[in-house]
Amino acid sequence: MARVSVTVPSSAKRGEVIEIKTLAAHVMENGFRHKQTGEPIPRDIITQFVCTYNGVEVFRAELHPAMAANPLLVFNTVATESGTLEFKWLGDNDYAATQSASISVV
Amino acid sequence: MTSRRQFLTLVCGTFAASQAAAQLDPNMQALRTAALASAIRKVTGGQPIRTGKVKLQIPPLIDNGNTVPLTVTVDSPMTQADHVKAIHVFTEKNPQPYVVSAYLGPRSGRASLATRARIADTGKVIAIAQLSDGSYWQDSVSVVVTLSACLEDGLI
């Protein structure tokens, strides 16, 4: 099972800009390396990341082999209403991971 | 008998040669530069890119190219009328110029992105922001890499 971690404040004031940190455990094999026997190691990376806030997309990223292993993404969003944030990672070899976090807005 | 002058010439020559070998050969470098230019053109569609508004924070001296923390912030009010639509990061010397493309909107509140990249060689790192009015802004930082990423069998 894919291991992912997100950090979202549990509560925020309405209209406040909150910082979201996401981390996915993934080797991000870049496809440019070779084994000791000389054959290339096939590419295996996360290519897409999407964050939705109560079903509305607020952040999306396209990742490339030049992202470090265990890709970290730190971004912001406005706390508009209480609800859930859904995070989704997609990648090579049918890699898929989802995570959700709830936030209460006062 | 080797004179001191001959010896020094030899030492300096060897040192210069080893330095040169650590760099990409000119053909490869030209290919990389062309790839970077075409990648940027693909993003901007040939629009002019102005310098300013964008701030790319990255350590100028990188000990380990496998994990390079970088932060891109754009000076923007992030309102419906005036916001950052996308932030793209490119490197000059990697086998592929792309690092990450992030798509933001007015709901982002603050135009900032922090992540970690792999940098293969000493060169420029470029951050380009696309604003909602269709303009493009960039910032570039020259970095020095001592241990490069993806380099087990020489520069590829």
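Naming: A, B, ... by sequence-line order, numbering from 1 per chain. Just so we're clear, the structure is a prediction, and the values are computed from it rather than from any experiment. Note that these values count all heavy atoms, side chains included, but never hydrogens, waters or copies made by symmetry.
Every residue two or more places apart in sequence or in another chain was checked for a salt bridge (Lys or Arg N to Asp or Glu O under 4.0 Å) with A:K13, and none qualifies. For A:D92, the side chain to side chain donor-acceptor pair (under 3.5 Å) test picks out A:R43, with sequence neighbours left out. Applying the salt bridge (Lys or Arg N to Asp or Glu O under 4.0 Å) criterion to A:E81, with sequence neighbours excluded, gives no partner residue.
Among B:G109, B:A114, B:A102, the residue with the largest count of heavy-atom pairs under 4.5 Å with chain A is B:A114. Between chain A and the residues B:L113, B:T67, B:V89, the most heavy-atom pairs under 4.5 angstrom are made by B:L113. With chain B as partner, the option from A:T22, A:V17, A:V74 having the largest number of non-hydrogen pairs under 4.5 angstrom is A:V74. Ranked by non-hydrogen atom pairs under 4.5 Å with chain A, the options B:P106, B:S112, B:G105 are led by B:S112.
With a 4.5 Å cut-off on non-hydrogen atoms, A:P71 does not touch chain B at all. With a 4.5 angstrom heavy-atom cutoff, A:L23 touches chain B only via side-chain atoms. For a residue to count as touching a neighbouring chain, one of its non-hydrogen atoms must lie under 4.5 Å from one of that chain's; by this rule A:A79 does not touch chain B.
Surrounding NZ of A:K88 are at most 12 heavy atoms belonging to other residues, nucleotides or ligands under 6.0 Å away.
Contacts of residues 46-63 of chain A with chain B at a heavy-atom distance below 4.5 Å involve A:Y53, A:V56, A:V58, A:F59, A:R60, A:A61, A:E62, A:L63, listed in sequence order.
A donor-acceptor contact closer than 3.5 angstrom is absent between the side chains of B:S76 and B:H83.
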